[in-house]
Protein chains: 2
Amino acid sequence: MTTNLHNAPHKKKPVEQMLTEHGIFVTTQRRIIAETLFSRNQHITADQLLDLVNKNGGRVSKATIYNTLGLFAEKGLVREIHINASKTFYDSNASRHHHFFNVDTGDLIDMKERLVPLFLQSDLPDGTVMETADVVIRVRNQAP
Amino acid sequence: MTTNLHNAPHKKKPVEQMLTEHGIFVTTQRRIIAETLFSRNQHITADQLLDLVNKNGGRVSKATIYNTLGLFAEKGLVREIHINASKTFYDSNASRHHHFFNVDTGDLIDMKERLVPLFLQSDLPDGTVMETADVVIRVRNQAP
DNA sequence: GAATATTTTAGACTTAGTCTAAATCTAAAA
DNA sequence: TTTTAGATTTAGACTAAGTCTAAAATATTC
């Protein structure tokens, strides 16, 4: 599975500042996870990130990867993307955008924000507020 | 987890006709699965459907539930909804609509079609055609 | 430094979903 | 009717993403 990210790379603010600004206590493990995760815009799974971190000299457990990704998601640093039941993708670009998923190739491609639908508060179910809007357009290769 | 479905109930076309029209060969198991699934509009998981079918006197295996749901989805009779990584929901209403998901209550609520975004073919990645558009708006209960 | 709280860890555990290979069913040919 | 080939169903083994647990490590407060 490849990913195609057309957005600009993450601005290189020190990850420690990034974490602190989001109310996340910095630890050794969180620093190396964040450095690996935010080194570029990417769609990555927990196990891919685990491999990547430990290939970069880290020594981080599976449980910590899951805990940390959950924490980062909760704090708005990453976005969870649910393409299918079998895996969660984490998007290191948490800004407002959505995705095309090519079912033929497995590519996950960023969608420009202008294509995002408009939702009015009044359209939401009574007594609720919007938290996130997730749009996934499944595409397939055009028949030749 | 409850579901809130505001759409009209499925029209009561005989399920056999429904299956045949979608190019699905009718078998005993497929008939009872379809009867259970399409008895009303619902968001249901494979294991819930398995229970329901076998409580209704059916004798259908887990593998057949999965195979059949996959077949129905492929033929456009049901829609798969991916809310989180842990479970796939099957929507017995396959018509064009989308969903609100209340993270506080677990409610999955239908969204009227008018809220669906417009996508132009020219906006899609080169060489691809749209297959499905999945929109899930996560909402939470308004603070009191 | 002692006591307490937070974080990390290995590895057991859960479970949604897939796979396999045998058994059963169906339709059509002979 | 019997044969045959292909499609379907099945039990149960299997896979793997993600969670849980209880202990160890680390940080903070008293």
Side-chain angles (χ1 to χ4, degrees), chain A residues 1 15-16 19-20 22-37 43-54 56-75 77-78 80-91 103 106 108, chain B residues 1 15-16 19-20 22-37 43-54 56-75 77-91 106 108:
Chain A
M1 155 127 188
V15 293
E16 305 202 8
L19 298 183
T20 305
H22 284 80
I24 296 170
F25 182 81
V26 177
T27 67
T28 306
Q29 289 82 353
R30 287 173 186 170
R31 188 185 301 109
I32 184 174
I33 289 173
E35 269 161 5
T36 307
L37 186 53
H43 308 125
I44 195 170
T45 63
D47 63 318
Q48 286 170 344
L49 182 58
L50 178 61
D51 283 354
L52 214 52
V53 161
N54 288 334
N56 286 6
R59 197 70 51 83
V60 179
S61 73
K62 184 175 75 157
T64 298
I65 292 286
Y66 276 100
N67 290 343
T68 303
L69 282 172
L71 180 67
F72 286 3
E74 182 193 323
K75 300 294 187 181
L77 275 169
V78 300
E80 295 183 348
I81 311 171
H82 301 288
I83 295 296
N84 55 49
S86 76
K87 265 181 191 175
T88 300
F89 282 88
Y90 291 86
D91 192 336
V103 297
L108 190 56
Chain B
M1 156 127 191
V15 293
E16 306 202 10
L19 298 183
T20 305
H22 285 79
I24 296 171
F25 183 81
V26 177
T27 68
T28 306
Q29 289 84 352
R30 287 173 184 169
R31 188 185 301 109
I32 184 173
I33 289 172
E35 268 161 7
T36 307
L37 184 55
H43 307 126
I44 195 170
T45 63
D47 62 319
Q48 286 170 345
L49 182 58
L50 178 62
D51 284 354
L52 213 54
V53 161
N54 287 334
N56 286 6
R59 197 73 49 84
V60 179
S61 72
K62 186 174 73 155
T64 298
I65 293 286
Y66 277 99
N67 290 342
T68 303
L69 282 173
L71 180 68
F72 285 5
E74 183 193 323
K75 299 294 188 181
L77 274 170
V78 299
R79 293 266 313 260
E80 295 183 348
I81 311 171
H82 301 288
I83 295 295
N84 55 48
S86 76
K87 265 182 190 173
T88 299
F89 282 88
Y90 290 86
D91 192 335
L108 191 56

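Just so it is clear, the values below take in all heavy atoms, side chains as well, and ignore hydrogens, waters and symmetry mates. Throughout, a chain's letter reflects where its sequence line sits, starting with A, and its residues are numbered from 1.
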At what distance, to the nearest 0.5 angstrom, does CG of D91(A) lie from CG of L108(A)? 7.5 Å
Distance from H43(A) atom NE2 to I81(A) atom CD1, nearest 0.5 Å? 4.5 Å
Contact nearer the 5' end of DNA chain D, comparing S86(B) with A63(B): A63(B)
Let me know, please, whether T28(B) or F25(A) comes out on the 5' side of the other along DNA chain D by nearest nucleotide.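 With T28(B) and F25(A) compared, the 5'-side residue is T28(B).
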If I take atom [atom1] in residue [X] and atom [atom2] in nucleotide [N], what distance separates them, rounded to the nearest angstrom?
X: Y90(A); N: dA17(D); atom1: OH; atom2: P; value: 12 Å
X: D47(A); N: dT15(D); atom1: CG; atom2: C1'; value: 13 Å
X: L50(B); N: dG12(D); atom1: CG; atom2: P; value: 14 Å
X: I32(B); N: dT9(D); atom1: CD1; atom2: C1'; value: 14 Å
X: Y66(A); N: dT7(C); atom1: OH; atom2: C1'; value: 19 Å
X: H82(B); N: dG18(D); atom1: NE2; atom2: P; value: 14 Å
X: R59(B); N: dC25(C); atom1: CZ; atom2: P; value: 14 Å
X: I24(B); N: dT9(D); atom1: CD1; atom2: P; value: 11 Å

Have a look at T64(A) and say if it touches a base, only the backbone sugar-phosphate, or nothing, with a 4.0 Å heavy-atom cut-off.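 Counting heavy atoms under 4.0 Å across all strands, the contact made by T64(A) includes a base.
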Which part of the nucleic acid does T45(B) contact within heavy-atom distance under 4.0 Å: base, sugar-phosphate only, or nothing?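 It contacts nothing in the nucleic acid.
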base_contact_polar (dG11(C) base, K62(A) side chain, donor-acceptor, <3.5 Å):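 Flag unset: no donor-acceptor pair detected.
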Under the side chain to side chain contact (heavy atoms under 4.5 Å, CB included) criterion, do L19(B) and R30(B) qualify, and how do the steps go? CA-CA 9 Å; L19(B) 298 183; R30(B) 287 173 184 169; 4.2 Å; yes
Can you find a heavy atom in the side chain of Y90(B) that is under 4.5 Å from one in the side chain of E80(B)? yes
Do I32(A) and T28(A) come close enough that some side-chain heavy atom pair is under 4.5 Å?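 They are not in contact (no side-chain heavy atoms under 4.5 Å apart), so the answer is no.
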G-U wobble or Watson-Crick pairing nucleotide for dA30(C) (cut-off 3.5 Å, both distances):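 Per the H-bond distance test, dT1(D).
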Does a side-chain N or O of Q29(B) approach OP1 or OP2 of dT10(D) to a distance below 4.0 Å, or not? yes
When you match I65(A) and K87(B) each to their closest nucleotide on DNA chain C, which lands nearer the 5' end? I65(A)
Listed nucleotide nearest any side-chain atom of R30(B), set dA11(D), dT8(D), dA17(D):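 From the listed options, dT8(D) comes nearest.
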